[in-house]
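Residue numbers begin at 1 in each chain, while the letters A, B, ... track the order of the sequences. All values below were derived from every heavy atom in this structure, side-chain atoms included, with hydrogens, water molecules and symmetry-related copies excluded.
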2 protein chains.
Amino acid sequence: MARGSETKRRIMDVAQESILAKGFDATSIEEIVASAEITKSGFFYHFPDKNALAHALIERHIEVEDALFDDLFDRARALTDDPLQVMLVGLKLLAELIADMPGRHPGCIVATAVYQDRLFNPDVRDANRRAVMGWRARFRAMIDDILASYPMHDVVDPDDLADLVNTIIEGGLVMGRALDDPGITPRQILLLRSYLKLQFSPRVS
Amino acid sequence: MARGSETKRRIMDVAQESILAKGFDATSIEEIVASAEITKSGFFYHFPDKNALAHALIERHIEVEDALFDDLFDRARALTDDPLQVMLVGLKLLAELIADMPGRHPGCIVATAVYQDRLFNPDVRDANRRAVMGWRARFRAMIDDILASYPMHDVVDPDDLADLVNTIIEGGLVMGRALDDPGITPRQILLLRSYLKLQFSPRVS
DNA sequence: CCAAAAACCGGACTCGCGGTACAGTAAGCG
DNA sequence: CGCTTACTGTACCGCGAGTCCGGTTTTTGG
């Protein structure tokens, strides 16, 4: 059992590295099995097809990202009790974390899947959808916390506001890749922070 | 001369339709030539390879989008002289325009190219980069106009602010595709509008 | 009107990649 | 001891991108 899952993990590791560097379809199975030092048959023992690999990678990615967000906002909550400050500090930490990533940021696997629609089967798309919905729920809860203490100056839908976090992260990654500038995403996140500040901070006039 | 460019345009039309519906790699050349009612040789007469087709499509797409933005903000400028109002009205019009698009919004070709690195050659990536830089310049100019008349309440970099427009559009399209909800992009654009309102509107307190 | 260039047609062929099929084997475990 | 798990090795199929090249029609400039 241990040996099997170890190999499977190694396949996923080398596949992920290659996919983030070159794209999904540019990463051939032959190449993966060479890097993972197994045979093609070995690959198809663990994954029925290439789709299943993508599915497993997305599922794993969701878990990692969730854990990352949990940790991030837990650290923010350790610093302050105020829900608005938790959000603002959390976003600051997130921006710093992305900025400090060595080399080019990989770019979200979710987005790569979105833009290869027909390449992936419904399973993959569904996993994707669940991931996005999960993030919406997470940020929606935080916004509800803020709304309990602060008025919204320019009233908008809280769900849309929750989605804005994802929108800006995904959009930032697209922009960052298009311009080959890893600094864009963190700076765009800070603009989101600026927006939330203007929306909820008491006005000192 | 007329016949040649006519055929080329027909190839691009059917290719674009198919690509927006099914994705780039899911659209085979055989399929394109069948729809365009030519032969494979005919295709390769006009385009050296599939990459060149993508390149031509992106170039054309940039022009169309530029013309669209020109028209949009010209209409806004016809309604008001105030630079802030021009921006706010323009974004409103943009949101409505995207919302009124029949069926699923195609999703920006720029983003699809970004997430298929190796599939496209440097030419394509460069065209992409130029497109994004052009949009940044466009919105940067509008923001400079606003800054000439209004103070920025929470001071941020104007270039970042200009990029935010693209970030939110691209991110919105990713989200819209992930959740299969074409309403997301327009709603996210309205949040951008909300942000700019809070940033620049005089506070009545 | 005629020649040359441009815009194709037809079909055969190569190559890489995803995926299949199936026989065999080494290691662990009850 | 026998069964399962986790593979290896090899041969094979189909599809789509891209090549080659000879032939044909259509357009255009002198």
Separation of [N] [atom2] from [X] [atom1] (nearest whole Å):
X: D25(A); N: dG19(C); atom1: CG; atom2: P; value: 12 Å
X: F47(B); N: dT19(D); atom1: CZ; atom2: P; value: 15 Å
X: E6(B); N: dT26(D); atom1: CD; atom2: P; value: 15 Å
X: F43(A); N: dT20(C); atom1: CZ; atom2: P; value: 11 Å
X: I32(B); N: dG16(D); atom1: CD1; atom2: C1'; value: 12 Å
X: E30(B); N: dG11(C); atom1: CD; atom2: P; value: 14 Å
X: I38(A); N: dT8(D); atom1: CD1; atom2: P; value: 6 Å
X: K8(A); N: dT5(D); atom1: NZ; atom2: P; value: 14 Å

Residue [X], side-chain heavy atoms: nucleotide from [options] that is nearest:
X: Y45(B); options: dC20(D), dA7(C), dA6(D); value: dA7(C)
X: T39(A); options: dG18(D), dG18(C), dG9(D); value: dG9(D)
X: F44(B); options: dG16(D), dG18(C), dG18(D); value: dG18(D)
X: K50(B); options: dG9(D), dG18(D), dG16(D); value: dG18(D)

Taking all non-hydrogen atoms of both residues into account, name the closest pair between P186(B) and A95(B) and its distance.
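In terms of heavy atoms, the two residues are closest at CB-O, 3.4 Å.
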Would one find more than 12 heavy atoms of other residues, nucleotides or ligands at under 6.0 Å from atom CD of E96(B)?
yes
One pair to check against side chain to side chain contact (heavy atoms under 4.5 Å, CB included): L161(A) and M152(A). What are the steps and the verdict?
CA-CA 11 Å; L161(A) 209 50; M152(A) 205 188 288; 4.3 Å; yes
Which is it for R193(A) and I189(A) under the side chain to side chain contact (heavy atoms under 4.5 Å, CB included) test, yes or no, and what are the steps along the way?
CA-CA 6 Å; R193(A) 199 182 105 100; I189(A) 290 175; 5.8 Å; no
Under 4.0 Å, counting only non-hydrogen atoms across every strand here, what does S41(B) touch: a base, just sugar-phosphate, or nothing?
base
Measure from NZ or CZ of K50(A) to the centre of the six-membered ring of F43(A) and say whether it is under 6.0 Å with the direction within 45° of the ring axis.
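Geometry flag: not set, cation outside 6.0 Å or 45°.
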Presence of H46(A) side-chain N/O under 4.0 Å of dA6(D) phosphate oxygens OP1/OP2:
no
T7(B) side chain near dC8(C) phosphate (N/O to OP1/OP2, under 4.0 Å)
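Yes, such a contact exists.
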Using only heavy-atom distances, decide whether a donor-acceptor pair under 3.5 angstrom links the side-chain of K40(B) to the base of dG11(C).
no
